[in-house]
*Asks:* 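What follows is a single structure, and I will ask about it in a moment.
Everything numeric in this text was worked out from a predicted model, so none of it was measured.
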Amino acid sequence: MTDRADHRRDGNASTFSGLLRSASGVWQRRFGYNALQPTYFSLAATAAPGIKEGFAGVTAMLSPNLQCSLDLRDGESRSLPTSVFAATKMEQTNATQRIAYRLTSVPVLSLSAATQWNRRVEQSGDVGRNAIHEVGLQWAERGLSASLTGGGAIRGPVPLQADVDLRQVQAALGFTPARSDALSLGWTLNATRQRHRFLSTGVQIDTLALGMNAQLTAGRFGSWRLAAQRSAQDAAAAGQPKLVTTLASLDGSLAMTGGATARLYGRINRRN
């Protein structure tokens, strides 16, 4: 919640992105820039308000079974003051490397590994770094897919309160229809379990999140995407209630006469 002056402020946003593919299809390069003021708000936004960043990435198919990618992001995020918190500004740098390999002997199975490096500089000057490592197993056959991913990260060491050991396991099950030009429905179910352990105090906080995504293509009735997630996080102190967050979104696209397209967006975000 912001004060009345903030409600009267206009917010501007600029976004740019590009994609280049090699003629052989081996290389794919992407790049872009996002600049959204903290006062900007849109249900169709592709980046969060207050973000100012540049990004670039490359993906290479080194063989029919091996894919590698590298993505870089650098920028800053700002937030407006509220009745509880002061305005914030934080610089962020992120690099992510991914490798995916499809097993030759079992083509329906593939292995993946990813490492993400993050560096942030708080408004106070404190510097935080973390490295997130993930490994995963994916299965896909006749439109059905399933995956299991596990990973962890260690933050720190400055500031001390951010020195956290993170462990996470995520499972997903989905279906992708073979055709998308007729009536079809694709869906994905996922569950994520996280455990944060603060190394300075030994306090553990567990979070369980359940999510669902559905994509409906209905010919002249357009294309519709529904996403929902509900998460429950343990309280940091004994006797306090869990933090329950519910998110839901609906995006629709409907072709009109004359080549025009109508878009519909809806968002719900609730806590406890």
*Asks:* Can you sort out the partners of Ser145 under side chain to side chain contact (heavy atoms under 4.5 Å, CB included), two or more places apart, ordered by chain and number?
*Replies:*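 Here the qualifying residues are Ala140.
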*Asks:* Mind checking what makes side chain to side chain donor-acceptor pair (under 3.5 Å) contact with Ser253, not counting sequence neighbours?
*Replies:*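 By the side chain to side chain donor-acceptor pair (under 3.5 Å) rule, Ser253 matches no residue at all.
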*Asks:* Can you tell me which residue pairs pass the salt bridge (charged side-chain N to carboxylate O under 4.0 Å, His left out) test with a partner in residues 237-246, sequence neighbours excluded?
*Replies:*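 Qualifying pairs: Asp234-Lys242.
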*Asks:* If I compare all heavy atoms of Thr59 with all of Ser69, which pair ends up nearest, and what's the gap?
*Replies:*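 Minimum heavy-atom contact is OG1-CB, 3.5 Å.
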*Asks:* Can you run down the salt bridge (charged side-chain N to carboxylate O under 4.0 Å, His left out) pairs that involve residues 15-35, sequence neighbours left out, and say none if there aren't any?
*Replies:*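 Non-adjacent pairs meeting salt bridge (charged side-chain N to carboxylate O under 4.0 Å, His left out): Arg30-Asp71.
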*Asks:* Check the side chains of Gln138 and Ser112 for a donor-acceptor pair under 3.5 angstrom, ignoring hydrogens and angles.
*Replies:*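 Checked: Ser112/Gln138 side chains pair up, N/O donor to acceptor below 3.5 Å.
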*Asks:* Side chain to side chain donor-acceptor pair (under 3.5 Å) with Gln170: which residues, sequence neighbours excluded?
*Replies:*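 Expected list: Thr192.
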*Asks:* Should the heavy atoms of other residues, nucleotides or ligands under 6.0 Å from CH2 of Trp117 be counted, would the total exceed 12?
*Replies:*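 Yes.
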*Asks:* Could you give all pairs that pass the salt bridge (charged side-chain N to carboxylate O under 4.0 Å, His left out) test and reach residues 204-223, with sequence neighbours left out?
*Replies:*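 Passing the test, one end in residues 204-223: Arg193-Asp206, Arg195-Asp206.
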*Asks:* Locate the shortest heavy-atom distance separating Tyr265 from Asp251; write the atom from each residue and the value.
*Replies:*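 Heavy atoms only, the tightest pair is CD2-OD1, 3.5 Å.
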*Asks:* Only counting residues at least two apart or in another chain, list the ones meeting salt bridge (Lys or Arg N to Asp or Glu O under 4.0 Å) with Arg102.
*Replies:*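 Applying salt bridge (Lys or Arg N to Asp or Glu O under 4.0 Å) to Arg102 gives none.
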*Asks:* Suppose we screen for side chain to side chain donor-acceptor pair (under 3.5 Å). Which residues come up paired with Ser231, at least two apart in sequence or across chains?
*Replies:*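 Per chain and number, Ser231 pairs via side chain to side chain donor-acceptor pair (under 3.5 Å) with no residue.
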*Asks:* Which pairs would a plain distance check flag for residues 221-228, meaning a side-chain donor or acceptor within less than 3.5 Å of a matching protein atom at least two apart in sequence or in another chain?
*Replies:*
unit_1: Ser223; atom_1: OG; unit_2: Gln215; atom_2: NE2; d: 2.6
unit_1: Trp224; atom_1: NE1; unit_2: Phe221; atom_2: O; d: 2.9
unit_1: Arg225; atom_1: NE; unit_2: Gln215; atom_2: OE1; d: 2.9
unit_1: Arg225; atom_1: NH2; unit_2: Gln215; atom_2: OE1; d: 3.1

*Asks:* About how many Å separate OG1 of Thr96 and CG of Asn94, when rounded to the nearest 0.5 Å?
*Replies:*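 Asn94 CG to Thr96 OG1: 4.0 Å, rounded to 0.5 Å.
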*Asks:* Measure the spacing between CG of Leu109 and CG of Leu137 and express it to the nearest 0.5 Å.
*Replies:*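 Taking CG in Leu109 and CG in Leu137, the distance rounds to 5.5 Å.
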*Asks:* Kindly indicate whether the side chain of Leu216, heavy atoms from C-beta on, has any atom under 4.5 Å from the side chain of Leu183.
*Replies:*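 Result yes, sub-4.5 Å side-chain heavy-atom pair found.
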*Asks:* Does Asn34 reach the main-chain N or O of Thr15 with its side chain, forming a donor-acceptor pair under 3.5 Å?
*Replies:*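 No, Asn34 side chain to Thr15 backbone: no donor-acceptor pair under 3.5 Å.
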*Asks:* With sequence neighbours left out, what residues match Ala191 under side chain to side chain contact (heavy atoms under 4.5 Å, CB included)?
*Replies:*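 Checked Ala191 against side chain to side chain contact (heavy atoms under 4.5 Å, CB included); matches are Leu210.
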*Asks:* Once salt bridge (Lys or Arg N to Asp or Glu O under 4.0 Å) is applied, do any residues pair with Lys89, and if so which ones, sequence neighbours excluded?
*Replies:*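 Residues passing salt bridge (Lys or Arg N to Asp or Glu O under 4.0 Å) with Lys89: Glu76.
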*Asks:* Verify the distance criterion only: is there a donor paired with an acceptor across the side chains of Ser14 and Asn12 at less than 3.5 Å?
*Replies:*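 No, no side-chain donor-acceptor contact under 3.5 Å.
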*Asks:* Between Val127 and Arg129, does the side-chain contact (heavy atoms from CB on, under 4.5 Å) criterion hold? Intermediate values first, please.
*Replies:* CA-CA 7 Å; Val127 179; Arg129 298 179 178 86; 3.7 Å; yes
*Asks:* Treating Ile, Leu, Val, Met, Phe, Trp and Tyr as nodes and any side-chain heavy-atom pair under 4.5 angstrom as an edge, say whether Met61 and Tyr101 lie in one connected cluster.
*Replies:*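 Each belongs to a different hydrophobic cluster.
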*Asks:* Between Gln28 and Leu20, does a side-chain contact (heavy atoms from CB on, under 4.5 Å) hold up when you go through it step by step?
*Replies:* CA-CA 6 Å; Gln28 182 183 96; Leu20 298 175; over 6 Å; no
*Asks:* Restricting to non-hydrogen atoms, name the atom on Ala114 and the atom on Arg98 that form the minimum distance, rounded to 0.1 Å.
*Replies:*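 Minimum heavy-atom separation between Ala114 and Arg98: CB-CG, 3.8 Å.
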*Asks:* If you take all heavy atoms of His133 and Ala131, which pair is closest and at what distance?
*Replies:*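 Heavy atoms only, the tightest pair is NE2-CB, 3.8 Å.
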*Asks:* Going by distance alone, is a donor N or O of one side chain under 3.5 Å from an acceptor N or O of the other, for Thr246 and Arg270?
*Replies:*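 No donor-acceptor contact under 3.5 Å links the two side chains.
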*Asks:* Could you list the residues that satisfy salt bridge (Lys or Arg N to Asp or Glu O under 4.0 Å) with Glu53, not counting sequence neighbours?
*Replies:*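 With neighbours one apart ignored, the set is Arg73.
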*Asks:* Measuring from Ile268:CD1 to Leu250:CG, what's the distance to the nearest 0.5 Å?
*Replies:*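 Rounded to the nearest 0.5 Å, the CD1-CG separation comes to 9.5 Å.
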*Asks:* Say you draw a straight line from CD of Gln194 to CD of Gln233; how long is it, rounded to the nearest 0.5 Å?
*Replies:*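 If I round to the nearest 0.5 Å, the distance is 8.5 Å.
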*Asks:* If you look at every heavy atom in Ala146 and Leu173, which pair is closest and at what distance?
*Replies:*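 Of all heavy-atom pairs spanning Ala146 and Leu173, the closest is CB-CD1, 4.1 Å.
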*Asks:* side-chain contact (heavy atoms from CB on, under 4.5 Å) between Leu243 and Arg271: does it pass, once the steps are laid out?
*Replies:* CA-CA 7 Å; Leu243 176 61; Arg271 289 192 173 186; 4.2 Å; yes
*Asks:* Side chains of Thr93 and Asn118: any donor to acceptor distance under 3.5 Å?
*Replies:*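 Distance-only check fails for Asn118 and Thr93.
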*Asks:* Once you round to the nearest 0.5 Å, how far does CH2 of Trp27 lie from CG of Leu62?
*Replies:*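 So the gap between those two atoms works out to 7.0 Å.
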*Asks:* Report whether Ile99 and Trp139 are members of the same hydrophobic cluster (ILVMFWY, side-chain heavy atoms less than 4.5 Å apart, transitive linking).
*Replies:*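 Yes, because Ile99 and Trp139 connect within a single hydrophobic cluster, where side-chain heavy atoms sit under 4.5 Å apart.
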*Asks:* With rounding to the nearest 0.5 Å, note down the distance linking CG in Asn130 to CG in Asp165.
*Replies:*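 One gets 11.5 Å once the value is rounded to the nearest 0.5 Å.
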*Asks:* Which atoms form the tightest heavy-atom contact between Lys52 and Tyr33, and what is the distance?
*Replies:*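 In this case the closest contact between Lys52 and Tyr33 is CE-OH, 3.2 Å.
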*Asks:* Starting from the C-alpha separation in whole Å, work towards a yes-or-no answer on side-chain contact (heavy atoms from CB on, under 4.5 Å) for Leu103 and Asn65.
*Replies:* CA-CA 7 Å; Leu103 300 179; Asn65 294 335; over 6 Å; no
*Asks:* Can Leu148 be reached from Val106 by stepping across I, L, V, M, F, W or Y side chains whose heavy atoms are under 4.5 Å apart?
*Replies:*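 They do not share one cluster, since no chain of ILVMFWY contacts under 4.5 Å joins Val106 to Leu148.
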